[in-house]
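Just so we're clear, the structure is a prediction, and the values are computed from it rather than from any experiment. Every chain is numbered from 1 and lettered A, B, ... according to where its sequence line falls, protein lines coming before strand lines. What's counted below: heavy atoms across the whole structure, side chains too, no hydrogens, waters or symmetry copies.
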Amino acid sequence: GQQLNQSPQSMFIQEGEDVSMNCTSSSIFNTWLWYKQDPGEGPVLLIALYKAGELTSNGRLTAQFGITRKDSFLNISASIPSDVGIYFCAGQPQGGSEKLVFGKGTKLTVNP
Amino acid sequence: GAGVSQTPSNKVTEKGKYVELRCDPISGHTALYWYRQSLGQGPEFLIYFQGTGAADDSGLPNDRFFAVRPEGSVSTLKIQRTERGDSAVYLCASSTGRGRGGDEQFFGPGTRLTVL
């Protein structure tokens, strides 16, 4: 089935540093999404990307939908302690279904 | 509250038993989704409803899993003859169901199922 390869698996950074994570796929996705999940809660949408090449920002977060429609990255600038959590990329595959395919997540730890 | 709610928050059962997990979507949302999240993994799609009907059930792993949404609001995920491998967090999400692609899915906190 369709899979998203997300990297890195985990990151340990100092407060104030920038962070970058990415997702790749062997198949085309119509939409790319980035979610954050805190312990005991469901994922919360951070950024949604709908067009190939699209670059979108949400505060300190920036994400891009790759030209080939098979990849996306998320950057977090000037990290703060509350950025701690697990970040997931997700894609909506071609075919008309509204289902999402998720990556395995990037666990972010920010040291104050 | 205004968000997606799921009950119970935790369920412990024995191998072979039947369980039901409930999801209350955001009021007015016509689309409802079920995902399963194993430890250290991302959510894995199971089934989604548009109104009362299952629009895509391709993620249900086998015929022990079944979901209903009889009135187009609350949904119940039913698992028969539970196995230890069914242990996971079961997440429910809902969206407005406009179907234009990328319609934001709002997730509930999940039900943690443990099969002993």
Flag side-chain contact, heavy atom, 4.5 Å: B/P43 against A/Y35: no
Need one label for A/Q9: side chain, backbone, both or neither, based on atoms under 4.5 Å from any heavy atom in chain B. neither
Kindly work out whether a path of hydrophobic side-chain contacts (I/L/V/M/F/W/Y, heavy atoms less than 4.5 Å apart) joins B/I47 to B/V4. no
Tell me, which pairs form a salt bridge (Lys or Arg N to Asp or Glu O under 4.0 Å) where one or both residues lie in residues 56-85 of chain A, sequence neighbours left out? A/R60-A/D83
Cluster overlap B/F45 with A/L33, hydrophobic side-chain contacts below 4.5 Å: yes
Got a second to check how far A/K99's NZ is from B/L46's CG, nearest 0.5 Å? 11.0 Å
Note: with side-chain heavy atoms under 4.5 Å as the link, the other cluster members for A/V44 come out as none
Could you grab the distance from atom CG of A/L100 to atom OG of B/S95, nearest 0.5 Å is fine? 9.0 Å
Heavy atom to heavy atom, less than 4.5 Å: which residues from residues 52-78 of chain B reach chain A? B/D56, B/S58
Is there a path from A/V101 to A/L49 through hydrophobic residues (I, L, V, M, F, W, Y) whose side chains come within less than 4.5 Å of each other? yes
Are the side chain of B/E104 and the backbone N or O of A/A48 linked by a donor-acceptor pair below 3.5 Å? no
Quick check on the structure: residues of residues 7-42 of chain B within a heavy-atom distance below 4.5 Å of chain A, by number. B/Y33, B/Y35, B/Q37, B/G40, B/Q41, B/G42
Do A/L74 and A/L108 belong to the same hydrophobic cluster, where Ile, Leu, Val, Met, Phe, Trp and Tyr are linked whenever their side-chain heavy atoms lie under 4.5 Å apart, directly or via other members? yes
If you group Ile, Leu, Val, Met, Phe, Trp and Tyr by side-chain heavy-atom gaps below 4.5 Å, do A/I47 and A/F73 land in one group? no
